[in-house]
Trainee: 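Dumping the structure here so I can ask a few things about it.
In this text the structure is predicted, and so the values were computed from the model without any measurement.
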Amino acid sequence: MHRAMDILDIPSAPSSARLIDGLDDRFLAAHQAFFDNPIPFLRTELAERFPDARFVVTWRPVESWLVSMEWLFGPGLDRLDRETRVLGDRVHRAVYGFDRFEPDRLREIHRRHYTELREWSAGRDEALWLNQEDGFSWGPLCRFLEVAEPTVPFPVVNRSTDATPRPGRPLGWRWRPGRRR
C-alpha cells in the first residue's frame with residue numbers, strides 16, 4: 001500500500017513503527033497515509049483525532065497470514081540491520097505480546113482482531129475492506145480515495161519470496177514455511 005500511495009502521489013510513511021510509543025503529531029503531520037503495525041491498533045484514537053480519515057483494511061485468511069508471520073518473525077526481521085530488528089521485536093511485543101512465532105496465539109489474535117475490526121467498521125463509509133485473496137487493484141481503492149486510477153499495474157512488493165538476505169547470509173539462502181533455522 002505504501003508503494004500504491006506513492007504512485008497516487010499521496011505522501012505515505014514507509015513505516016508506522018515510530019508510533020509504537022503513541023501518536024507523534026510531527027510524524028502524523030508529515031504524511032497522509034500510514035500502514036502496518038501499530039496503525040490497526042490505533043484506529044479508534046486516529047478516527048477521533050482525524051474525523052475525516054479513511055481506513056483501508058487489508059484482510060487475508062489466517063493460514064496464509066501465519067505463513068507470512070512465520071517468515072516475519074524469523075528471516076523477515078533477520079534480514080534487517082540490528083537497530084531495525086530491535087524496533088521490529090519491540091513492535092511485536094507491544095502489538096502481539098511476544099516477539100517469536102507462536103502460531104496458536106497468532107491465530108487467536110487474527111480472529112479477535114478481525115472480529116473487532118468488523119464491529120468497528122460496520123456502517124462506516126470511511127472504511128474499505130480489501131481481501132488479499134482477490135488481489136489488490138486500483139479500482140476499489142481509487143474510488144474509495146476519490147482519485148484517478150493510474151495506468152500502471154498495482155504494485156506488489158515485500159513478498160517473502162522477494163526477500164534479500166542481509167549481508168553475511170549465504171546467497172543461496174531461502175526460507176521455507178514450517179522449517180526452523
Trainee: So do Glu116 and Thr44 actually touch side chain to side chain, heavy atoms under 4.5 Å?
Mentor: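 Counting from C-beta outward, Thr44 and Glu116 never come under 4.5 Å.
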Trainee: Could you give the distance from CD (Gln32) to CZ (Phe50), rounded to the nearest 0.5 Å?
Mentor: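 The distance works out to 11.0 Å.
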Trainee: Does any N or O in the side chain of Arg118 come within less than 3.5 Å of the main-chain N or O of Thr115, such that one atom is a donor and the other an acceptor?
Mentor: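 A pair under 3.5 Å: no.
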Trainee: How about Val62 and Arg111: do any of their side-chain heavy atoms sit closer than 4.5 Å?
Mentor: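 Not in contact.
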Trainee: Rounded to the nearest 0.5 Å, what separates atom CG in Leu46 from atom CZ in Phe41?
Mentor: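 Going from CG on Leu46 over to CZ on Phe41, the span is 13.0 Å.
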Trainee: How close do Leu19 and Asp24 get, counting heavy atoms only, and between which atoms?
Mentor: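 Looking at all heavy atoms of both residues, the shortest contact is CD2-N, 3.6 Å.
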Trainee: Taking atom CZ of Arg112 as the centre, report whether more than 12 heavy atoms of other residues, nucleotides or ligands fall under 6.0 Å from it.
Mentor: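 More than 12 heavy atoms, drawn from other residues, nucleotides or ligands, come within 6.0 Å of this atom.
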Trainee: Give me the atom names and distance for the closest heavy-atom approach of Ile20 to Val91.
Mentor: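 That closest heavy-atom pairing would be CD1-CA, 4.1 Å.
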Trainee: I'd like to know if the side chain of His110 and the backbone of Arg60 have a donor-acceptor N/O pair within less than 3.5 Å.
Mentor: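 Looks like yes, one N/O pair under 3.5 Å.
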Trainee: Return the CG to CZ distance between Leu141 and Phe154, rounded to the nearest 0.5 Å.
Mentor: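 The CG atom of Leu141 sits 5.5 Å away from the CZ atom of Phe154.
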Trainee: Take atom CG in Asp125; do more than 12 heavy atoms of anything else shown fall under 6.0 Å from it?
Mentor: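 Not buried by this count: 12 neighbours or fewer within 6.0 Å.
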Trainee: Flag yes if Phe34 and Trp129 sit in one hydrophobic cluster, no otherwise; membership is Ile, Leu, Val, Met, Phe, Trp, Tyr, and two members link when side-chain heavy atoms are under 4.5 Å apart.
Mentor: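 Phe34 and Trp129: one cluster.
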Trainee: Taking atom CZ of Arg105 as the centre, report whether more than 12 heavy atoms of other residues, nucleotides or ligands fall under 6.0 Å from it.
Mentor: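 Correct, the count exceeds 12.
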Trainee: Would you kindly confirm whether Ile39 and Phe144 end up in one hydrophobic cluster when ILVMFWY residues are joined by side chain heavy atoms under 4.5 Å apart?
Mentor: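 As far as the 4.5 Å side-chain criterion goes, Phe144 and Ile39 are not connected within one cluster.
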Trainee: Could you tell me which non-hydrogen atom of Pro155 sits nearest to which non-hydrogen atom of Arg3, and how far apart they are?
Mentor: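 Heavy atoms of Pro155 and Arg3 come nearest at CB-CG, 3.4 Å.
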Trainee: Looking only at heavy atoms, what is the nearest atom pair of Pro40 and His113, with distance?
Mentor: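 Where Pro40 meets His113 most closely, the heavy atoms are CB-CE1, 3.4 Å.
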Trainee: Count I, L, V, M, F, W, Y as connected when their side-chain heavy atoms are under 4.5 Å apart, and connections chain through other members. Are Phe27 and Leu87 then in the same cluster?
Mentor: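 No: no chain of side-chain contacts under 4.5 Å links Phe27 to Leu87.
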Trainee: Say whether, by atom type as modelled, one donor and one acceptor occur between the side chain of Arg79 and the main chain of Gly76 under 3.5 angstrom.
Mentor: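 The answer is yes, because a donor-acceptor pair under 3.5 Å joins these two groups.
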Trainee: Determine whether Val56 and Phe35 make a side-chain contact, defined as any pair of heavy atoms from C-beta on separated by less than 4.5 Å.
Mentor: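 Val56 does not reach Phe35 side chain to side chain.
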Trainee: Are Leu42 and Val57 connected into the same hydrophobic cluster when the rule is that any two of I, L, V, M, F, W, Y join if their side-chain heavy atoms are below 4.5 Å apart?
Mentor: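 Same cluster: Val57 reaches Leu42 through Ile, Leu, Val, Met, Phe, Trp or Tyr contacts under 4.5 Å.
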Trainee: Going from CG on Asp104 to CD1 on Ile109, what distance comes out if it is rounded to the nearest 0.5 angstrom?
Mentor: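 Reported value, rounded in 0.5 Å steps: 11.0 Å.
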Trainee: State the CD-NE2 distance between Glu102 and His92, to the nearest 0.5 angstrom.
Mentor: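 The NE2 atom of His92 is 12.5 Å from CD of Glu102, to the nearest 0.5 Å.
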Trainee: Which distance, rounded to the nearest 0.5 Å, do you find between the CG of Asp36 and the OG1 of Thr58?
Mentor: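 That separation rounds to 8.5 Å.
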Trainee: Minimum heavy-atom separation for Ser12 and Met5, please, with both atom names.
Mentor: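 In terms of heavy atoms, the two residues are closest at CB-CB, 3.7 Å.
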Trainee: Grab the two heavy atoms, one from Phe55 and one from Arg43, that are nearest each other, plus how far apart they are.
Mentor: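 Scanning both residues completely, I find the closest heavy atoms to be CZ-O, 3.8 Å.
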Trainee: Within the distance-only criterion (no hydrogens, no angle test), does the side chain of Ser16 pair as donor or acceptor with the backbone N or O of Pro38 below 3.5 angstrom?
Mentor: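 Checked: no pair found.
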Trainee: Same cluster or not: are Phe136 and Val156 linked, directly or through other Ile, Leu, Val, Met, Phe, Trp or Tyr residues, by side-chain heavy atoms under 4.5 angstrom apart?
Mentor: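 No, separate clusters.
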Trainee: Say whether, by atom type as modelled, one donor and one acceptor occur between the side chain of Trp65 and the main chain of Trp59 under 3.5 angstrom.
Mentor: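 Not at all, since once roles are kept as given, no pair shorter than 3.5 Å links the two residues.
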